[in-house]
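Before any comments, here is the structure.
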Amino acid sequence: MSNLKLKKIKSTDIELKDKLVFVNRVTKVTKGGRTFSFSAIVVIGNENGIVGFGLGKAKEVSAAVSKGIDDAKKNLIQVPIHKGTIPHSQEGRYSGSLVFMKPAAPGTGVIAGGAMRAVLESVGVKNVLAKSKGSSNPHSVVKATIDALSQLRDPYMIAQTRGIELEKVFNG
């Protein structure tokens, strides 16, 4: 992920909705036959700027999902949302996956596929254009999307960092 320090959020004070992104059945061949287990990747968010993801593994799907939700609650980040979209274009990378997100006009909707859509809807973005390049592995795409979202900065943060007024951020 990026070198930025992420602001961790406690999951006890907010109501989170979970989305199951992917379930994988894993087979272990033993002397006694095949043993099946499941791994699930889950994204949670409050649809108002907070999102997290988690991975759970268990012998049953429901147990794997609940473990994924518990893991996701430990990895929550705050994302700036500006008028229902992201404040600026951003790229994210993880392993072989590269994602690109661009702000969109009101009424556009979430133009993204699969794993990226689940993350963007969980964070509460209503209008965005997004593209996933490289590996389509759901684990890598989710982590690359979280990386891109964690690098976003709102105009107030940029003005404060540069030590200028907010109007000068938009006027260049």
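Keep in mind that this is a model prediction, so the values were computed, not measured.
Cluster annotation: Val110 and Val79 are assigned to the same hydrophobic cluster (Ile/Leu/Val/Met/Phe/Trp/Tyr, side-chain heavy-atom contacts under 4.5 Å, transitive). The hydrophobic clustering, which links ILVMFWY residues whose side-chain heavy atoms are closer than 4.5 Å, places Phe100 and Leu152 apart.
Counting non-hydrogen atoms of other residues, nucleotides and ligands closer than 6.0 Å to NZ of Lys102 gives a total of 12 or fewer.
Grouping Ile, Leu, Val, Met, Phe, Trp and Tyr residues whose side-chain heavy atoms lie under 4.5 Å apart, directly or via other members, places Leu129 in a hydrophobic cluster with Ile111. Residue Val29 shares its hydrophobic cluster (ILVMFWY side chains chained together at separations under 4.5 Å) with no other residue.
Glu91 meets the salt bridge (Lys or Arg N to Asp or Glu O under 4.0 Å) test with no other residue; sequence neighbours excluded. Taking Lys131 as the reference, nothing meets the salt bridge (Lys or Arg N to Asp or Glu O under 4.0 Å) condition, with sequence neighbours excluded. For Lys19, the salt bridge (Lys or Arg N to Asp or Glu O under 4.0 Å) test picks out Glu121, with sequence neighbours left out. Residues meeting the side chain to side chain contact (heavy atoms under 4.5 Å, CB included) test with Leu20, sequence neighbours left out: Val23, Ala40, Val42, Val65. For Asp70, there are no side chain to side chain contact (heavy atoms under 4.5 Å, CB included) partners two or more places apart in sequence or in a different chain. Residues passing the side chain to side chain contact (heavy atoms under 4.5 Å, CB included) test with Ser140, sequence neighbours excluded: Tyr94, Ser95, Ser97, Asn137.
Of the inter-residue distances, the one linking Ser122 atom OG with Arg117 atom CZ reads 12.0 Å to the nearest 0.5 angstrom. With values rounded to the nearest 0.5 angstrom, Asn24 atom CG is found 9.5 Å from Phe38 atom CZ. A distance of 6.0 Å separates CG of Leu16 from CG of Leu76, quoted to the nearest 0.5 Å. The line from CD of Gln160 to CG of Asp154 is 9.0 Å long, rounded to the nearest 0.5 Å. Between the CE atom in Met101 and the OG atom in Ser132 there is a gap of 11.0 Å [rounded to 0.5 Å]. Atoms CZ and CD1, on Phe53 and Ile69 in that order, are 15.0 Å from each other to the nearest 0.5 Å.
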Pairs of donor and acceptor atoms involving the side chains of residues 81-89, under 3.5 Å and at least two apart or interchain, shall be tabulated with distances.
| unit_1 | atom_1 | unit_2 | atom_2 | d |
| --- | --- | --- | --- | --- |
| Thr85 | OG1 | Ala104 | N | 3.3 |
| Thr85 | OG1 | Asn127 | O | 2.5 |
| His88 | NE2 | Arg153 | N | 3.2 |

Side-chain atoms of residues 43-52: list all donor-acceptor pairs with protein atoms under 3.5 Å, sequence neighbours left out, distances to 0.1 Å.
| unit_1 | atom_1 | unit_2 | atom_2 | d |
| --- | --- | --- | --- | --- |
| Asn46 | OD1 | Asn48 | N | 2.9 |
| Asn46 | OD1 | Ile50 | N | 3.1 |

**Message:** Under the criterion side-chain contact (heavy atoms from CB on, under 4.5 Å), I'd like the reasoning laid out for Val123 against Val119: C-alpha separation, chi angles, the key distance, then a yes or no.
**Reply:** CA-CA 6 Å; Val123 79; Val119 176; 5.6 Å; no

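Ala63 and Ala58 make their closest contact through CB-CB, 3.6 Å (heavy atoms, listed as atom of the first residue, atom of the second, distance). When all heavy atoms of Ser150 and Ile77 are compared, the pair lying nearest together is CB-CD1, 3.9 Å. A pairwise comparison of heavy atoms in Gly54 and Ala72 identifies N-CB, 3.5 Å as the closest pair.
Applying the salt bridge (Lys or Arg N to Asp or Glu O under 4.0 Å) test to residues at least two apart or on different chains, none of the pairs has a partner in residues 25-45. Applying the side chain to side chain donor-acceptor pair (under 3.5 Å) rule to pairs touching residues 49-66 yields nothing, sequence neighbours excluded.
For Arg93 (side chain) and Ala144 (main-chain N/O), no donor-acceptor pair under 3.5 Å exists by modelled atom type.
Looking at His139 and Val21, their side chains never come closer than 4.5 Å, going by heavy atoms from C-beta outward. Counting heavy atoms from C-beta outward, Thr27 and Thr35 have side chains that stay 4.5 Å or more apart.
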